[in-house]
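What follows is a set of notes on a single structure, which appears directly below.
Chain letters run A, B, ... following the sequence lines, proteins first and then strands; every chain starts at 1.
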Amino acid sequence: MVNKLLKIDKKWQKAWEDKKAFKVKEDPKKKKYYVLEMYPYPSASFLHMGHVRNYTIGDIYARFKRMQGFNILYPMGYDSFGLPAETAAKKEGIHPKKYAESSIKKIMEYQKALGNSYDWSRILSSHDVNYYKWNQYFFLKLFEKGLTYRKNAPVNWCEKCQSVLANEESEGGKCWRCDSEVVQKPLEQWFFKITAYADRLLNDLNKIDWPEKIKLMQKNWIGKSHGTEILFKINNENWPIFTTRADTIYGVTFMVISAQHPKLFDLVTKEQKKDVDSFLKKLKTVSKEELEELEKEGVFTGSYAINPITKEKVPVYAGNFVIADYGSGMVMAVPAHDQRDFEFAKKYNIPIKIVIIPEKELIKEDDMINRMFLEIKKINELMQKNKIKVWFNGTFGVIGHSKKIFIKPRDVDFGVLEKDYEKAKKLLVGLGYSKIEEKENEKFKYTSYKYEDLFLEVGTFDHDLGNEVANIKGITYPIPNARWLAECYEITKNKERRQGRGDDFSALLLGLLSGSMKEAFTGNGTLINSKEFNGTNNLDAIEEITKHLEKLKLGKKVTQYKLRDWMISRQRYWGTPIPIIYCDKCGVVPVPEKDLPVTLPEKVKFDTGNPLSTNKEFVNVKCPKCKGPGRRETDTMGGFVDSSWYFIRFCDNTNKKQPFDKKKANYWMPVDQYIGGAEHAVMHLMYARFFVKALKDLGIVSFDEPFSKLFNQGIVYKDGAKMSKSKGNVVYQTEISEKYGIDTARLFLMSIAAPDAVMEWRDEGVESSFKFINKVITYYENVKLGKSSEKVESKLNKTIKEVTEDIESFNYNIAIIKIRKLFESFNKEESKNTLEPFLKLFHPFCPHITEELWSKLKNKEFLSLEDWPKADLKKINEKFEQEDKLIDNLTEDINNVVRIIKEKGNEPKKVFIYTIPKEKEIYSNEIESIKLRTTLDVEVFAVNDPKKHDPQNKAIKSKPGKPALYLE
RNA sequence: GCGGGAAUGUCAGAGCGGUCAAAUGAGCUGGCCUAAGAAGCCAGUAGCUUAGUGCUUACGCAGGUUCGAAUCCUGCUCCCCGCACCA
């Protein structure tokens, strides 16, 4: 059987290829549909189950859509430039080109063995000069437009890879490829100005049908935020500072400039230079893990900044926690209301100035008191039960002082008689109060009682600003003591005085609170200490203060993005040469378009530094402008440039005169269904979107989003880790396909889990898919061609309807279940009208065997190119389904009774079924199938049949949908 | 820390207000078939109970909404995945 399957696989793969079954071209009469899987990196010359899953998901969709009558573009290509080829070259002494090309060859072979319906004539590889030439072309176009520029920037540098990494490639201070530490290093680099498209990239997310998760990741990555740019004067020069918290301007007590800031030394005074230098030396990049514990550190620069509103003079520090290229690279530090600033201030003893206090509404006083009240109530009940007299007087509340909290509010007394004290104490311990304090209290006067007071210490509370919480028996509650803060504030605002309290409450609060603060208060609240803005809600204050600053021309509203420009330079060999020549006279000169391509030379040395610089012929060229001596750029472009437009090249992959024919591109693009891993959420998918938008602005294409729909397939795990060669937990394609045929692998991968779910690979289930395929084949080989029952037709049409919807929405696993069920309902005799549509439904999942069975039904054309079946809704009759269920229930009942009788030692031979008259036919029609499932002899009577055999008078038990039984 | 997703029977994995002791596989148990089966077929697979019934527990934990909840809401726990000193 296996051999047979393998032969079938080969036979049809060859047939498809020979007949060019999937070759397509533009056809204005047909509706196009473009299905694409992210093109693979041919670093490994094998495919594992993760790959197979990915490609199968795409192929099923492509085949499905093709059968639905769409003109399907479904190509395959290779992302063959990049580091692994170069690493392999270094390691094994193979030239990257050779390495890449042999890998491609092998991978292609395996891919072809998958039986996917690719149009192989459209193949492309990014290392092909006919491809990368156009990278250079686009580079120059973007250069003309000012979207390509060069700057000296601190970059992420990986020592091991000897290359610069993009922001996206440096994962928390580690290289995404080799996991070694990334260091900061200043270098001249080429950039694409993706930031110019930040807003469009953000807004157009609404246009595309992508998983929300990916859209969100892109949104966060773009990171648009609104804020205020405030001008601080430092050494008589204006420094714009970006902040989202203009409301805290009165709380600024220092400034921090990024240690990597290019203008840092403008601020460093002579006296401080030594300190700053030694501080900078200490800096290093840190890993993700270390980041959490990394202490905020800094050093005084010697300069002071003038707060534009308060005119206060505050020191400027250089700090390790400020990002150089976000915002202005310098922050106004408000330690009372920003956790980082707070930590820094604590460390260097900088004053903390509180300018926001929490609002009354935030305090859940009532809740607190209710809980306390319940506690008291509980105590009361307990005491009464034990006949201990307790006094409570007045309303209950809470009072807090020092670090303890007592149920002992303003005018409440709680006491027991002296003789009950010990007993009461015991009971309270039983209630869970571990500590009971007993004391004479002078602070509170208990005039009503002579008895000893019982204080209950029920918990502790922390007294710090804003976050007052009480911890009572392990539960944390907000505590109303902030109430008095609010009170204090009221007093200040109304300029009231209260006996025993100071005039300047702001000062008092500061004194009281800043010393005991444990962390910054970053919540919202009411402004204090902020002159005319006192009493304003801080969210409103952001607006108001910004407006105020605008009036004074000391600030303005601005928008910030986290998105950085796309750094494309790589100090590598195996990539597209950047078409730039440096000339001592003319400076940076782009290679003229007519001189393209700048071909990547094969002869280079890989031992040290940048390989391209070792080829003198390549490097030393004439300046295109002045014809004087020039020097070529030796950096190459990162691979994400290649992958930013390859999907358009597929539309016209052999064009030598243009990157692609505009008409062809406009016919096929955008990609209707893109399929690939979620790991590309922010890199490839963002760059490609940018690139397409830029091309649109250049007038090269007429669409502005590359991928209308995106589907993320789930990762295949094995032994708890993602399947990958480096982890050694790989199951190769051939391990399954050589044993069971490729259709089994496809079917299994698709039935085990929804395509977008992560799945754990287990061999166990493979057999089941294999068995099913064999069953289908055996069935089709033996089926008697004839008529199909209405029942089967009903089922077929229902299945067609549902499976169509399921495939459309990628519920492949559900579709397979339904297809299997349909198959189970087939009889020994079926008509072509059911046998053929079944093959069609099954075809996307198992193209080879269905194609084979299709031809066995004497069909000449490829099943792959047939029409997808349409459901005839008129033929769907739920009656059949219900009847099926009745028979199911009946046989279950019979089996149940049989089992019970057998346990009692009897062996039933025959079952008599008594149905209500209306249902008699249903059951008598199904006698054969009942017999089959019970192995008993079966006889059906209507209950009103006078001739029925019913010695035990069981017939009375008969109910609609539930016939009575008698077995003997 | 921020953001997103999940938690279902022995396992994997559907379901997402009633038709749910819960699809479909796998595993396990028993039976049939057979010289024998690793093949095929049939049945069972929460517990108790019963000639086909009935009941009780069950969809992470605790509450809530509802005539009714695996499905909706609230809180908690745990796991996974992104981002992360973004001012």
| said: Below the 4.0 Å mark, does B:A51 have OP1 or OP2 next to a side-chain nitrogen or oxygen of A:Tyr966? | reply: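 No.
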
Considering only the [atom1] atoms, how many Å lie between [N] and [M], rounded to the nearest integer?
{"N": "B:C11", "M": "B:C61", "atom1": "P", "value": "14 Å"}
{"N": "B:C81", "M": "B:U74", "atom1": "C1'", "value": "25 Å"}
{"N": "B:G13", "M": "B:G1", "atom1": "P", "value": "28 Å"}
{"N": "B:C79", "M": "B:C85", "atom1": "C1'", "value": "27 Å"}
{"N": "B:G4", "M": "B:C55", "atom1": "P", "value": "44 Å"}
{"N": "B:C32", "M": "B:G37", "atom1": "P", "value": "11 Å"}
{"N": "B:U8", "M": "B:U71", "atom1": "P", "value": "13 Å"}
{"N": "B:A46", "M": "B:A70", "atom1": "C1'", "value": "16 Å"}

| Among A:Phe845, A:Tyr740, A:Phe823, which one satisfies ring-ring contact (aromatic ring centres under 6.0 Å, His included) with A:Phe772? |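 That would be A:Phe823.
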
Check the distance between [N]'s [atom2] and [X]'s [atom1] and give it to me in whole angstrom.
{"X": "A:Trp221", "N": "B:C81", "atom1": "CH2", "atom2": "C1'", "answer": "15 Å"}
{"X": "A:Phe254", "N": "B:A87", "atom1": "CZ", "atom2": "P", "answer": "16 Å"}
{"X": "A:Glu343", "N": "B:C85", "atom1": "CD", "atom2": "P", "answer": "13 Å"}
{"X": "A:Ile814", "N": "B:C16", "atom1": "CD1", "atom2": "C1'", "answer": "13 Å"}
{"X": "A:Tyr779", "N": "B:C41", "atom1": "OH", "atom2": "P", "answer": "14 Å"}
{"X": "A:Asp338", "N": "B:C86", "atom1": "CG", "atom2": "C1'", "answer": "11 Å"}
{"X": "A:Lys821", "N": "B:A14", "atom1": "NZ", "atom2": "C1'", "answer": "11 Å"}
{"X": "A:Tyr914", "N": "B:A51", "atom1": "OH", "atom2": "C1'", "answer": "12 Å"}

| By side chain to side chain donor-acceptor pair (under 3.5 Å) - contacts of A:Arg820 (at least two apart) |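 Side chain to side chain donor-acceptor pair (under 3.5 Å) list for A:Arg820, sorted by chain: empty.
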
| Does a distance-only test, which skips hydrogens and angles, find a donor-acceptor pair under 3.5 Å between the side chain of A:Arg340 and the base of B:C86? |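 Looking at the base of B:C86, it does not pair with any donor or acceptor on the side chain of A:Arg340 (distance under 3.5 Å).
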
| Between A:Asp325 and A:Arg564, is there a salt bridge with N-O shorter than 4.0 Å? |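 Salt bridge flag = yes for A:Asp325 with A:Arg564.
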
| Got a salt bridge between A:Lys219 and A:Glu212, using NZ or NE/NH1/NH2 to carboxylate O under 4.0 Å? |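 A salt bridge is absent here (no side-chain N lies under 4.0 Å from a carboxylate O).
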
Reported [atom1]-to-[atom2] distance for the pair [X] and [Y], which is rounded to 0.5 angstrom:
{"X": "A:Gln713", "Y": "A:Asp756", "atom1": "CD", "atom2": "CG", "answer": "10.0 Å"}
{"X": "A:Ile814", "Y": "A:Glu805", "atom1": "CD1", "atom2": "CD", "answer": "13.0 Å"}
{"X": "A:Asn307", "Y": "A:Leu554", "atom1": "CG", "atom2": "CG", "answer": "10.0 Å"}

Tell me which nucleotide among [options] gets nearest to the side chain of [X].
{"X": "A:Lys771", "options": "B:A51, B:G4, B:A26", "result": "B:A26"}
{"X": "A:Ile817", "options": "B:U24, B:C86, B:C85", "result": "B:U24"}
{"X": "A:Val897", "options": "B:A51, B:A87, B:C85", "result": "B:A51"}
{"X": "A:Phe321", "options": "B:C86, B:U24, B:C85", "result": "B:C85"}

May I ask you to say what [X] touches in the nucleic acid, namely base, sugar-phosphate or nothing, with a heavy-atom cut-off under 4.0 Å?
{"X": "A:Val334", "answer": "nothing"}
{"X": "A:Leu216", "answer": "sugar-phosphate"}
{"X": "A:Leu890", "answer": "nothing"}
{"X": "A:Lys213", "answer": "sugar-phosphate"}

Could you tell me whether the side chains of [X] and [Y] share a donor-acceptor contact shorter than 3.5 Å?
{"X": "A:Asn813", "Y": "A:Ser751", "result": "no"}
{"X": "A:Thr546", "Y": "A:Thr228", "result": "yes"}
{"X": "A:Asp199", "Y": "A:Tyr561", "result": "yes"}

| query | More 5' along RNA chain B: A:Glu824 or A:Lys775, using each one's nearest nucleotide? | reply |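 Mapping each residue to its closest nucleotide by heavy atoms, the 5'-most match is A:Glu824.
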
| query | Any stems for RNA chain B, made of 3 or more Watson-Crick or G-U pairs in a row, each with both distances under 3.5 Å? | reply |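 Ordered by first number, the stems with RNA chain B (at least 3 consecutive pairs each) read B:1-5 with B:79-83, B:10-12 with B:24-26, B:27-32 with B:40-45, B:46-48 with B:54-56, B:60-64 with B:72-76.
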
Each nucleotide N or O in nucleotides 10-13 of chain B that has a protein N or O under 3.5 Å away: list the pair and distance.
none

| Is the shortest heavy-atom distance from the side chain of A:Ile257 to the side chain of A:Tyr317 under 4.5 Å? |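 Result no, sub-4.5 Å side-chain heavy-atom pair not found.
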
